[in-house]
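Chain letters run A, B, ... following the sequence lines, proteins first and then strands; every chain starts at 1.
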Amino acid sequence: MAIVDFKFNGESVSADVPDNTLLVDFIRETLGKTGTHVGCDTSQCGACVIHLNGVSIKSCTMLAVMANGQEITSIEGIAGGKRMHPMQEAFHENHGLQCGFCTPGMIMSAIELVSNKPNLTEQEIREGLEGNLCRCTGYHNIIQSVQSAARAMRED
Amino acid sequence: MYQTNYIRASSTNDAIAKLGDDGKLIAGGMTLLPIMKQRLARPKMLVDLADCGLAGIEDLGDTIKIGSMTTHVDVETSQIVANGIPALATLAAKIGDRQVRNRGTIGGSIANNDPSACYPSAVLALRATIHTSNRDIVADDFFMGMFETSLEDNEIITAISFPKPTAAAYAKFPNPASRFAMVGVFVAKSETVRVAVTGAGEDGVFRHEALEIALTDLFAPDAVESIIISSDELINDIHAPRDYRAHLIKEMTKRAVTACNQSQFVS
């Protein structure tokens, strides 16, 4: 067993779990935060993307214990109180989802993408989201959402 | 995934001491964790190198030294790499996806020596030196075949030194799903030209002597036109038959040479 101890959405969390517990399972099962999804479990689909010290990573391909002492943000941690994050707002306004399964990962990846480069071309957005798959193939509105959020985040 | 024990090492010596008989080193985990999830690997102990101080990029004048725990994103965005060996930054930027590049490391990639990984081609073409916990290994003596290197048990890569070339470029034909190289060709020009091919060889990365001789004689895409690329010992799979890979080797070589001649010259 290993003691897992890190900051999760701004709060300290700690639990004793088997060493081989994946970070995504720790977040969903131990912390009960099920906004982070498990899609493929093979680090391809991106439904499990979270932020580790501010950068996007696939939480199905990291052990929970590897995150000790670090800061993790999940989809539940990006809104400011009742006010949605501009990226969430943009996905809502532009209907950037069909079934919604890929959405938490898309949003977490897109936030990092836009933070690194506010003026993205459509091509750069498409390439920047290559680690996130939408099986509904609803990419058109997802791209529109990211473009719209990028504008909003620039104005903020 | 089978049960395992995880521990962090504080130095390379500490890591070796903690490995035991059936331990494995873990860097970014972008290959090791997926194969453990598939139950293809079952290490009793995972020793994490994250706290061993092995990340970082240094400009040493004629060479750039990159710590083994440096992530692909850090190579991709490094000003030192952009100034000294821009082709290496281009290569790093095309590995996997952003989330993989945020975790994956250069040392992990080279130690694994996946036949379709990008980094081995740069290490071989640029005549890099691999620094380990006990010695320095030149690139030509390092890659020993598919997933095989000359690393011994309990030997840890600490850094890789890349001599700065006169010009270099990497041209990759990626598998559209995985972004692994179906064929990747790294061309590096200094006094002579070295051409390293990844993604294509059944024994992993290799240098192509005929292309090197032709390009040392005349550094232009036309110089390789008459070279016959043998498809013997090339990978043959559902993504590409070996003849197609042979064709891609020549094509990627031409693209890399064109890129060198257009913009990649560095002093």
query: Can you tell me if NZ on B:Lys24 sees more than 12 non-hydrogen neighbours from other groups inside 6.0 Å?
result: no
- request: Return yes when atom CZ of A:Arg135 has more than 12 non-hydrogen atoms of other residues, nucleotides or ligands closer than 6.0 Å, and no otherwise.
  value: no
query: Would the number of heavy atoms belonging to other residues, nucleotides or ligands and lying under 6.0 Å from CG of A:Asp16 be above 12?
result: yes
- prompt: Would the number of heavy atoms belonging to other residues, nucleotides or ligands and lying under 6.0 Å from NE2 of A:His95 be above 12?
  reply: yes
task: Using a cut-off of 6.0 Å, state whether more than 12 heavy atoms not belonging to A:Gln144 lie near its atom CD.
output: yes
message: Minimum heavy-atom separation for B:Arg98 and A:Ser56, please, with both atom names.
response: CG-OG, 4.1 Å
- prompt: Tell me, do B:Gln99 and A:Val55 make a side-chain contact under 4.5 Å, heavy atoms counted?
  reply: no
query: How far does CG of A:Asp19 sit from CE of B:Met1, to the nearest 0.5 angstrom?
result: 10.5 Å
A:Thr61 to B:Pro34 - nearest heavy-atom pair and separation: CG2-CD, 3.8 Å
statement: Closest heavy-atom pair, A:Leu63 versus B:Tyr6, reported as atoms and distance to 0.1 Å, is CD1-CD1, 4.1 Å
statement: Tightest non-hydrogen contact, residues B:Gln3 and A:Pro18, listed as NE2-CB, 3.8 Å
- line: Pair count under 4.5 Å, heavy atoms only, with chain B: among A:Met66, A:Met62, A:Glu127, A:Gln44, highest is A:Met66
- request: Identify which part of A:Asn53 has an atom lying under 4.5 Å from any heavy atom of chain B, answering side chain, backbone, both or neither.
  value: neither
- prompt: Under a 4.5 Å heavy-atom cutoff, which of A:Leu129, A:Asn68, A:Thr42 has the most pairs with chain B?
  reply: A:Asn68
statement: Interatomic distance, OG@A:Ser43 vs NZ@B:Lys37, rounded to 0.5 Å, equals 6.0 Å
- request: Kindly check if the number of other-residue, nucleotide or ligand heavy atoms within 6.0 Å of CG (B:Asp237) is above 12?
  value: yes
task: Identify which part of B:Asn5 has an atom lying under 4.5 Å from any heavy atom of chain A, answering side chain, backbone, both or neither.
output: both
- line: Under 4.5 Å to a heavy atom of chain B? For A:Leu22 that would be side chain
query: Any chance CG of B:Leu40 has more than 12 other-residue heavy atoms, nucleotides or ligands included, within less than 6.0 Å?
result: yes
query: Given a strict heavy-atom distance threshold of 4.5 Å, which part of A:Thr21 is in contact with chain B: side chain, backbone, both, or neither?
result: neither
- prompt: Minimum heavy-atom separation for B:Gly96 to A:Glu130, with atom names?
  reply: O-OE2, 3.1 Å
task: Side chain from CB out, backbone as N, CA, C, O: work out which of these in B:Ile26 comes under 4.5 Å of a heavy atom of chain A, or both, or neither.
output: side chain
Engaged part of B:Ile7 at the chain A interface, taking heavy atoms whose separation is under 4.5 Å: neither
field: Spacing of A:Cys60 atom SG and B:Leu33 atom CG [to the nearest 0.5 Å]
entry: 9.0 Å
- request: Go through B:Asn102 and A:Glu112 one step at a time and tell me if the side-chain hydrogen bond (donor to acceptor under 3.5 Å, both in side chains) criterion holds.
  value: CA-CA 11 Å; B:Asn102 276 335; A:Glu112 188 199 23; 3.3 Å; yes
